Amino acid sequence: VLKQDGSVWATGLNNWGQLGDRSTTRRRRFVQVISSAKAVAAGKYHSMVLKQDGSVIAAGRNVEGQLGDGSYTRRSSFVKVISSGVEAVAAGERHSMVLKQDGSVWATGANNEGQLGDGSGIDKSTFVLVISTKTGPLRKSALPHHHHTPHRIIFVNGRLPALHVSPYAEMLVYTQY
(Lines give C-alpha, C1' and ligand atoms only; values in the text may rest on other atoms or scores of the structure.)
Protein backbone atom coordinates (compact mmCIF):
# COMPACT_ATOMS: atom_id res chain seq x y z
CA VAL A 1 0.00 0.00 0.00
CA LEU A 2 1.33 3.43 -0.97
CA LYS A 3 0.22 6.11 1.44
CA GLN A 4 -0.10 9.81 0.60
CA ASP A 5 3.03 10.59 2.61
CA GLY A 6 5.08 8.34 0.26
CA SER A 7 5.46 5.48 2.71
CA VAL A 8 4.94 1.91 1.48
CA TRP A 9 3.33 -0.68 3.75
CA ALA A 10 3.25 -4.42 3.02
CA THR A 11 1.65 -7.57 4.39
CA GLY A 12 1.23 -11.22 3.43
CA LEU A 13 3.34 -14.02 2.01
CA ASN A 14 7.03 -13.20 2.03
CA ASN A 15 8.78 -16.46 1.15
CA TRP A 16 11.01 -14.79 -1.48
CA GLY A 17 11.49 -11.53 0.47
CA GLN A 18 9.01 -9.78 -1.81
CA LEU A 19 7.84 -7.46 0.95
CA GLY A 20 11.32 -5.96 1.13
CA ASP A 21 11.37 -5.93 4.94
CA ARG A 22 14.78 -7.68 5.22
CA SER A 23 13.16 -11.01 6.04
CA THR A 24 11.25 -13.93 4.57
CA THR A 25 8.73 -13.91 7.40
CA ARG A 26 5.03 -13.93 6.53
CA ARG A 27 3.44 -10.70 7.76
CA ARG A 28 -0.11 -10.84 9.09
CA ARG A 29 -0.15 -7.10 9.77
CA PHE A 30 1.09 -4.23 7.65
CA VAL A 31 4.70 -3.16 8.18
CA GLN A 32 6.33 -0.07 6.72
CA VAL A 33 9.04 -1.04 4.26
CA ILE A 34 9.96 2.14 2.34
CA SER A 35 9.47 5.91 2.39
CA SER A 36 9.61 8.54 -0.39
CA ALA A 37 7.78 6.36 -2.93
CA LYS A 38 5.84 7.63 -5.93
CA ALA A 39 4.39 4.31 -7.19
CA VAL A 40 4.49 0.58 -6.46
CA ALA A 41 4.03 -2.56 -8.55
CA ALA A 42 3.71 -6.13 -7.30
CA GLY A 43 4.58 -9.22 -9.31
CA LYS A 44 3.80 -12.74 -8.20
CA TYR A 45 6.82 -12.91 -5.87
CA HIS A 46 8.60 -9.57 -6.36
CA SER A 47 7.96 -5.89 -5.76
CA MET A 48 9.04 -2.76 -7.63
CA VAL A 49 8.97 0.74 -6.14
CA LEU A 50 9.34 3.98 -8.08
CA LYS A 51 10.91 6.50 -5.72
CA GLN A 52 10.03 10.20 -5.80
CA ASP A 53 13.47 10.98 -7.25
CA GLY A 54 12.77 8.81 -10.34
CA SER A 55 14.89 5.86 -9.20
CA VAL A 56 13.56 2.29 -8.95
CA ILE A 57 14.16 -0.23 -6.18
CA ALA A 58 13.15 -3.89 -6.15
CA ALA A 59 12.90 -6.89 -3.79
CA GLY A 60 11.86 -10.54 -3.88
CA ARG A 61 12.25 -13.51 -6.20
CA ASN A 62 14.82 -13.01 -8.92
CA VAL A 63 15.22 -16.46 -10.49
CA GLU A 64 14.53 -15.06 -13.98
CA GLY A 65 16.19 -11.67 -13.37
CA GLN A 66 12.89 -9.86 -12.77
CA LEU A 67 14.46 -7.41 -10.30
CA GLY A 68 16.84 -6.08 -12.95
CA ASP A 69 19.83 -5.82 -10.60
CA GLY A 70 22.19 -7.83 -12.84
CA SER A 71 21.87 -11.01 -10.79
CA TYR A 72 19.54 -13.95 -10.29
CA THR A 73 19.76 -13.68 -6.48
CA ARG A 74 16.72 -13.35 -4.23
CA ARG A 75 16.61 -10.02 -2.38
CA SER A 76 14.76 -9.66 0.93
CA SER A 77 15.59 -5.97 1.16
CA PHE A 78 15.11 -3.41 -1.57
CA VAL A 79 18.03 -2.79 -3.94
CA LYS A 80 18.37 0.10 -6.37
CA VAL A 81 18.00 -1.16 -9.95
CA ILE A 82 17.63 2.12 -11.87
CA SER A 83 19.17 5.34 -10.57
CA SER A 84 16.95 7.98 -12.22
CA GLY A 85 14.61 9.02 -15.00
CA VAL A 86 11.67 6.64 -14.49
CA GLU A 87 8.03 7.72 -14.77
CA ALA A 88 6.13 4.43 -14.20
CA VAL A 89 6.79 0.84 -13.07
CA ALA A 90 4.93 -2.41 -13.74
CA ALA A 91 5.50 -5.96 -12.53
CA GLY A 92 4.35 -9.15 -14.22
CA GLU A 93 4.49 -12.64 -12.80
CA ARG A 94 8.21 -13.07 -13.54
CA HIS A 95 9.27 -9.84 -15.26
CA SER A 96 9.21 -6.07 -14.82
CA MET A 97 8.89 -3.01 -17.06
CA VAL A 98 9.51 0.69 -16.65
CA LEU A 99 8.48 3.72 -18.65
CA LYS A 100 11.24 6.30 -18.57
CA GLN A 101 10.62 10.03 -18.62
CA ASP A 102 11.96 10.22 -22.18
CA GLY A 103 9.16 7.88 -23.33
CA SER A 104 11.30 4.76 -23.73
CA VAL A 105 10.22 1.39 -22.31
CA TRP A 106 12.69 -0.96 -20.60
CA ALA A 107 12.13 -4.56 -19.42
CA THR A 108 13.84 -7.30 -17.43
CA GLY A 109 13.16 -10.88 -16.29
CA ALA A 110 11.48 -13.92 -17.81
CA ASN A 111 11.19 -13.86 -21.57
CA ASN A 112 10.32 -17.44 -22.53
CA GLU A 113 6.99 -16.29 -23.99
CA GLY A 114 8.27 -12.98 -25.33
CA GLN A 115 7.14 -11.05 -22.24
CA LEU A 116 9.92 -8.48 -22.60
CA GLY A 117 9.17 -7.69 -26.22
CA ASP A 118 12.81 -7.57 -27.30
CA GLY A 119 12.45 -10.41 -29.82
CA SER A 120 15.05 -12.66 -28.17
CA GLY A 121 13.05 -15.06 -25.99
CA ILE A 122 15.99 -15.01 -23.55
CA ASP A 123 15.62 -14.01 -19.88
CA LYS A 124 17.40 -10.80 -18.89
CA SER A 125 18.77 -9.82 -15.46
CA THR A 126 19.23 -6.14 -16.33
CA PHE A 127 16.77 -3.76 -17.92
CA VAL A 128 16.96 -3.76 -21.73
CA LEU A 129 15.51 -1.17 -24.08
CA VAL A 130 12.41 -2.60 -25.76
CA ILE A 131 10.81 0.56 -27.16
CA SER A 132 12.95 3.56 -28.01
CA THR A 133 11.90 7.15 -28.36
CA LYS A 134 12.79 7.05 -32.09
CA THR A 135 9.13 6.36 -32.85
CA GLY A 136 8.16 9.40 -30.79
CA PRO A 137 7.53 9.90 -27.08
CA LEU A 138 4.93 7.71 -25.41
CA ARG A 139 2.30 8.71 -22.92
CA LYS A 140 0.92 6.30 -20.32
CA SER A 141 -2.83 5.89 -20.73
CA ALA A 142 -3.74 3.02 -18.41
CA LEU A 143 -2.09 0.45 -16.23
CA PRO A 144 -4.52 -2.33 -15.27
CA HIS A 145 -2.93 -5.39 -13.77
CA HIS A 146 -3.32 -9.08 -13.11
CA HIS A 147 -0.51 -11.05 -11.53
CA HIS A 148 -0.63 -14.27 -13.53
CA THR A 149 -0.22 -13.12 -17.11
CA PRO A 150 2.55 -11.46 -19.11
CA HIS A 151 2.62 -7.77 -19.93
CA ARG A 152 1.17 -6.72 -23.25
CA ILE A 153 2.01 -3.34 -24.71
CA ILE A 154 -0.72 -2.03 -26.95
CA PHE A 155 -0.27 0.98 -29.18
CA VAL A 156 -3.32 2.80 -30.37
CA ASN A 157 -1.51 5.10 -32.75
CA GLY A 158 -2.12 2.93 -35.81
CA ARG A 159 1.57 2.21 -36.32
CA LEU A 160 1.99 -0.89 -34.19
CA PRO A 161 -0.54 -3.71 -33.95
CA ALA A 162 -1.90 -4.83 -30.61
CA LEU A 163 0.04 -7.81 -29.32
CA HIS A 164 -2.84 -9.15 -27.27
CA VAL A 165 -6.09 -7.76 -25.97
CA SER A 166 -7.65 -9.49 -22.98
CA PRO A 167 -9.43 -8.25 -19.88
CA TYR A 168 -7.28 -10.73 -17.93
CA ALA A 169 -3.91 -9.71 -19.38
CA GLU A 170 -1.56 -7.38 -17.60
CA MET A 171 -1.34 -4.46 -19.95
CA LEU A 172 0.63 -1.29 -20.36
CA VAL A 173 -1.43 0.79 -22.73
CA TYR A 174 0.37 3.68 -24.38
CA THR A 175 -0.55 6.20 -27.00
CA GLN A 176 1.79 8.27 -29.06
CA TYR A 177 1.38 12.04 -28.96
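Throughout, residue positions are numbered sequentially from 1 according to the sequence presented. All values reported here derive from a predicted model rather than from experimental measurement.
Applying the salt bridge (Lys or Arg N to Asp or Glu O under 4.0 Å) test to pairs two or more places apart or on separate chains, those with a residue in residues 26-36 are Asp21-Arg27. A salt bridge (Lys or Arg N to Asp or Glu O under 4.0 Å) check over residues 53-63, counting only residues at least two apart or in different chains, returns the pairs Arg61-Glu64.
The hydrophobic cluster around Leu13 extends to Trp16, Tyr45, Val63, counting ILVMFWY residues whose side-chain heavy atoms fall within less than 4.5 Å of a member. Cluster partners of Ile57, using a side-chain heavy-atom cutoff of under 4.5 Å among ILVMFWY residues and allowing indirect links, are Leu2, Val8, Val31, Val33, Ile34, Val40, Val49, Phe78.
Partners of Asp123 according to the salt bridge (Lys or Arg N to Asp or Glu O under 4.0 Å) rule, which considers only residues two or more places apart in sequence or in another chain, do not exist here. Residues satisfying the side-chain hydrogen bond (donor to acceptor under 3.5 Å, both in side chains) test with Lys38, not counting sequence neighbours, are none. Residues that satisfy the side-chain contact (heavy atoms from CB on, under 4.5 Å) test with Tyr72, not counting sequence neighbours, are Ser125. With sequence neighbours excluded, no residue forms a side-chain hydrogen bond (donor to acceptor under 3.5 Å, both in side chains) with Thr126. In this structure Arg74 satisfies the side-chain hydrogen bond (donor to acceptor under 3.5 Å, both in side chains) test with no other residue, sequence neighbours excluded. For Asn15, the side-chain hydrogen bond (donor to acceptor under 3.5 Å, both in side chains) partners two or more places apart in sequence, or in a different chain, are Gln18. Partners of Ser77 by side-chain contact (heavy atoms from CB on, under 4.5 Å), not counting sequence neighbours, listed by chain and number: Arg22.
Checking side-chain atoms of Asn112 against main-chain N and O of Gly121 turns up no donor-acceptor pair under 3.5 Å.
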